[in-house]
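Counting convention: from 1, in listed order, for ligands and their atoms alike.
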Amino acid sequence: MRHMIFGESHGPAIGVVVEGVPAGLELKLEAVQRELNRRRPGQGPTTTARKESDLVEVLSGVFEGKTTGAPLAMVIRNSDQHSQDYEAIRYTPRPSHGDYAGFIRSQGCQDYRGGGHFSGRLTAPLVAAGAVAKQVLARHGVWVGAHISSIYGITDASLEDEESLRAVAAKSFPVLDDAKGEEMRQAILEAKNEGDSVGGAVECAVFGLPAGLGAPDFGCNVEGIFAQYLFAVPAVKGVDFGAGVAFSLMRGSEANDPFEVRDGKVVTKTNHAGGVNGGITNGMPITFEATIRPTPSIALPQESVDLRTGEETEIEIHGRHDPCIVPRAVPVIEAAAALAACQVLGI
Ligand SMILES: Cc1cc2nc3c(=O)[nH]c(=O)nc-3n(C[C@H](O)[C@H](O)[C@H](O)COP(=O)(O)O)c2cc1C
């Protein structure tokens, strides 16, 4: 399966074309919509005030409720745009957003309104594609789930099993420990009240992939495949598998995952490797953490340059923004992981 996302934040619509979806899948559109609702903006004071219904419409690739194997096109109309908020920063790029890099690449022709194609809004079609991938994976006994693992240094409980992660999917603030979730919310609101933003991390796990998939080499390496999908999610600035950066503080005796036999199957007692050894799945859940940067668009004054004159200047951003991207990124990370898992399975 391959996908291509199209659209701009303030254009008429955004969408995705997914190629190579196996024919004969009874596509549950309500499940696609449910995933989109998890990511939707305008759900409380900790997200952007932009209101979007994010209703998905299938244009092709499904006939009489089943996928045909032809390209599957899904579209989501934009409705709540405030394009005038962006006129003032058309030639004065927002620090750390895609504005400057996009301006150079497109030779000044990019749709600057609301971040154009670089907007976090473009993760809605990714979630739709991921929702299709999740339905394909379910046929292979594979399930993907995620939770907020930290926001601005406040950490959620550690992930123990698949059941606890399944319970998180229904929550509007997807954490394992709701008390920690409340602390995280306060940290977001504090930053917001000061015209600032905060970042954090999403922990994700893929259950049910058999051992032996992938290869050590570039292109087929399982960690490499996942990383490629995950770094395509805007605001993801780090991805680490299993114990990840904590490996640097461990000895081999602590880091190694001892083997044992459980129900006649070779498994490991711990899963510090995150389900991958030598670029190949080892049959344990694939676990990773994606680090999400603080939202680049903040209300505080910031230094920029007027690209017309080359003069240094100060800007203030008036658009509506998420004071923290992490809560809304949870279904997005799951979607990217589901698409990566399909590739690992050779679908
Ligand atoms: C779900 C989601 C929502 C986002 N919302 C915003 C936002 O409101 N304001 C903003 O400046 N960036 C937002 N972003 C992040 C930017 O799109 C991203 O930082 C920018 O494109 C630059 O890409 P980079 O951070 O990967 O380098 C969002 C990202 C995601 C995944």
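- Nearest heavy-atom pair, Ser119 versus Gly114, reported as atom, atom and distance to 0.1 Å: CB-O, 3.2 Å.
- In this view, Arg113 and His10, Ser83, Asp111 satisfy the side chain to side chain contact (heavy atoms under 4.5 Å, CB included) rule, not counting sequence neighbours.
- Heavy atoms of other residues, nucleotides or ligands lying less than 6.0 angstrom from CZ of Arg2 number 12 at most.
- Asn271 places a side-chain N or O within 3.5 Å of a backbone atom of Pro285 that can act as its donor or acceptor partner.
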Please determine whether side-chain hydrogen bond (donor to acceptor under 3.5 Å, both in side chains) holds for the pair Glu182 and Gln186, giving the CA-CA distance in whole Å, both sets of side-chain angles, and the decisive distance to 0.1 Å.
CA-CA 6 Å; Glu182 200 39 54; Gln186 288 312 317; 3.2 Å; yes
Dump the pairs for me: ligand 1 N or O, protein N or O, distance under 3.5 Å, to 0.1 Å.
{"from": "ligand 1", "atom 1": "5 (N)", "to": "Asp322", "atom 2": "OD2", "distance (Å)": "3.0"}
{"from": "ligand 1", "atom 1": "8 (O)", "to": "His321", "atom 2": "ND1", "distance (Å)": "3.4"}
{"from": "ligand 1", "atom 1": "8 (O)", "to": "Asp322", "atom 2": "N", "distance (Å)": "3.0"}
{"from": "ligand 1", "atom 1": "8 (O)", "to": "Asp322", "atom 2": "OD2", "distance (Å)": "3.4"}
{"from": "ligand 1", "atom 1": "9 (N)", "to": "His321", "atom 2": "ND1", "distance (Å)": "2.9"}
{"from": "ligand 1", "atom 1": "11 (O)", "to": "His97", "atom 2": "NE2", "distance (Å)": "3.4"}
{"from": "ligand 1", "atom 1": "11 (O)", "to": "Ser297", "atom 2": "N", "distance (Å)": "3.1"}
{"from": "ligand 1", "atom 1": "11 (O)", "to": "Ser297", "atom 2": "OG", "distance (Å)": "2.6"}
{"from": "ligand 1", "atom 1": "17 (O)", "to": "Phe118", "atom 2": "O", "distance (Å)": "3.0"}
{"from": "ligand 1", "atom 1": "17 (O)", "to": "Gly120", "atom 2": "N", "distance (Å)": "3.4"}
{"from": "ligand 1", "atom 1": "21 (O)", "to": "Phe118", "atom 2": "O", "distance (Å)": "2.9"}
{"from": "ligand 1", "atom 1": "25 (O)", "to": "Ala235", "atom 2": "N", "distance (Å)": "3.3"}
{"from": "ligand 1", "atom 1": "26 (O)", "to": "Ala235", "atom 2": "N", "distance (Å)": "2.9"}
{"from": "ligand 1", "atom 1": "27 (O)", "to": "Lys237", "atom 2": "NZ", "distance (Å)": "2.9"}

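- Looking only at distances, no side-chain donor or acceptor of Asp306 sits under 3.5 Å from a matching main-chain atom of Glu311.
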